[in-house]
Amino acid sequence: MSFVVSPTSVDEAIAFLVDNPEARPMSGGASLVAMKNARLIEASHFVSLARIDSLRGIRRNADGSVTIGGMVPHRDTAACDLLDGDLRMIRQAAGQIANRVVRNMGTIGGAVANADPAADYLPVLVCADAQVEITGPGGKRLLPIRDYLVDWYETALEPAEIVTGIALPPAGSGPSVYRKLARTPGDFATVSVACARDGDGVRVAVGACGPAPLRAPEAERALAGQLDDPAAVAAFCEALVALADPVDDVRGSAEYRLTLIPRMVAAAIRDVTGGL
Amino acid sequence: MAGKEVFALRINGREREVFARSDATLLEVLRDDLALRAAKRGCNQGVCGACTVLLDGVPVRGCLTLAGACTGREVTTLEGLAEDPITRALQETMIVSGGVQCGFCTSGMLVTARDLVAQTVTPTEGDIRKALSGNLCRCTGYVRIVEAVTDAVVALSQANTDTREAIQ
Amino acid sequence: MKLEGSFPVSAPRSAVWEAIRDPGLMARCVPGCSMAEQIDETSYRAMVTVKFGPITARFNLVVEIEEEIAPELVRSRTRGEEGTRASTVSSTNILTLSEPEPGITQVDWSTDFTISGRLGKYGLGLMKKKVESLSTEFVQTFAAKLEEGTEAERGTA
């Protein structure tokens, strides 16, 4: 049998993964094939999800929520008008992933399944309170992305489960921003910050500083109504720094990352408050 | 290598039969089995861009695409763009401006730049640099490559104007 | 890369000492360990599978005891490689046991390890996080098993 199979439905893909425990689902291949080339991964089969029509497209549901299909490439997410207001940061993040050519290949489902702690999508999805739509042998389940991200490169995905979509709450009117600091455009982030205005407060998620994006809901509540108070913003930044668990790597030392967090978070808050 | 099989790929408008592992990369099959060697194997990690080809008209990395996932789709390499007017204009300006030195990155640069020029009416220098940011060149320092793309855009719009005038 | 830690176990030092010298019990406590056996007086063989996101690495390890002072100190060296020889690991480890109060054993450990080959590419920063989370998992299982054992003894006494 061929090493690459291309099912045309989610059920067919899952049935194959159940029958072949050493097979791996493959979306755009941008990370997976790179790891295969580096001999980091092995698989009995690669199950390409590229021909499953139901995983394509971004749609607004009746209740105003937005669903991004698992196989939507970064290029399409970066250009999608449905992602406006406090979801606009998702477009910005998608447009900053790697480069033009890789954005044609990589998909949101693949990025979320791979869960690289420095991936651009993770902080914006955590900031947006996105839910991950997972489909497996037991059917479909929705998991808040904060529960989905378990540890370094570890997710709640069970064997034979795939990320079939990302569910986003209805877009709020507040502005949002994705700020990324990288050694060069297209590199993984050294530190990234997603920030969305929410009433008189903000929601903030910090990427690349721990196994999953940092989020401090209590500190967010405390900051509400005080976005123009530098001391309150500084205290908020400190709460995020306290949650950070960054690594030393080629993109920066842990210490450097800790230094960046308050500066980038404060700048992102200024972005969404128009310098109150 | 064990596990080879026969499968069909549509490449540069022709149906080609290959005998390879279906989990070989498209790049390996193009170069090693079909002797189409415009796409180069640089990093094999999707970083350098030297292997860029078109899949259903969209630029992708040949090294990150599994050949077996390309059946029933249209693969176009730089060889298949030999008669494409935008590619030809880019090739000419690359030669004139000195955008080619060792030549290793050139095929990938051309496929990526062609996509930009085909989709953007008048790309700015910033647009060009951004579009080519995933194609690494270790010789030129990029200045001449960016110049070549800028010049090709001018040449193409001039050609368009000439054609329109000739028709009128 | 150096890592260290310490944790208390609600069991007497002699019981903890017995446990760390019992390959069968250790195999049940080390995350991903599918087999552990004694080769001779001072060496053990173990097979450990580490999952790191999409990457799975199966290591064949040999642990050599270099020094032991019962029931308080073990100094050992671990060497191993993946079945495919795609990466190799080695470490030197020190483990000390003290009994600050009867029935409570304090375990202090430290390790200095290197990894090379394909997994080395992932960067030591992330490896360190992985080793930390594996050691936390080990400590929880190990302490639970010992405390369980101690309680069972009390039950039969």
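Below, chains carry the letters A, B, ... as their sequence lines are ordered, and counting in each starts from 1.
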Seminar exercise, completed: Of all heavy-atom pairs linking B:Glu5 and A:Phe3, the shortest is OE2-N, 3.9 Å
Exercise. Tell me, do A:Arg75 and B:Val58 make a side-chain contact under 4.5 Å, heavy atoms counted?
Worked result: yes
Exercise. How many angstroms lie between OG1 in B:Thr65 and CE in A:Met105, if you round to the nearest 0.5 Å?
Worked result: 3.5 Å
Exercise. Among B:Leu55, B:Thr52, B:Thr71, who wins on heavy-atom pairs under 4.5 Å with chain A?
Worked result: B:Thr71
For this session: Kindly give the heavy-atom pair with the smallest separation between A:Ala50 and B:Arg73, and that separation in Å.
Result: CB-NH1, 4.4 Å
Problem set entry | Heavy atoms from other residues, nucleotides or ligands near CD of B:Glu15 exceed 12 (cutoff 6.0 Å) | yes
Problem set entry | More than 12 heavy atoms from other groups under 6.0 Å of CZ on A:Arg60 | no
For this session: For A:Arg51 and B:Ala69, indicate whether the former's side chain and the latter's backbone hold a donor-acceptor pair under 3.5 Å.
Result: yes
Problem set entry | Minimum heavy-atom distance B:Gln45-A:Ala34, with the two atoms named | NE2-O, 2.9 Å
Problem set entry | Candidate list B:Asn44, B:Asp23, B:Thr25, B:Leu64, test side-chain contact (heavy atoms from CB on, under 4.5 Å), partner A:Lys36, passing option | B:Asp23
Seminar exercise, completed: All heavy atoms of A:Arg100 vs all of B:Leu116, minimum pair found to be NH2-CA, 3.5 Å
Problem set entry | Check: B:Ser133 side chain, A:Asn99 main-chain N or O, donor-acceptor pair, under 3.5 Å | no
For this session: Answer yes or no: does atom CZ of B:Arg10 have more than 12 heavy-atom neighbours from other residues, nucleotides or ligands under 6.0 Å?
Result: yes
Problem set entry | Main-chain N/O of B:Pro59 paired to A:Asn104 side chain as donor or acceptor, under 3.5 Å | yes
Seminar exercise, completed: When the 4.5 angstrom heavy-atom criterion is applied to B:Leu132 and chain A, the contacting part is neither
Problem set entry | Which portion of B:Glu28 sits near chain A, non-hydrogen atoms under 4.5 angstrom | neither
For this session: Return yes when atom CZ of B:Arg41 has more than 12 non-hydrogen atoms of other residues, nucleotides or ligands closer than 6.0 Å, and no otherwise.
Result: no
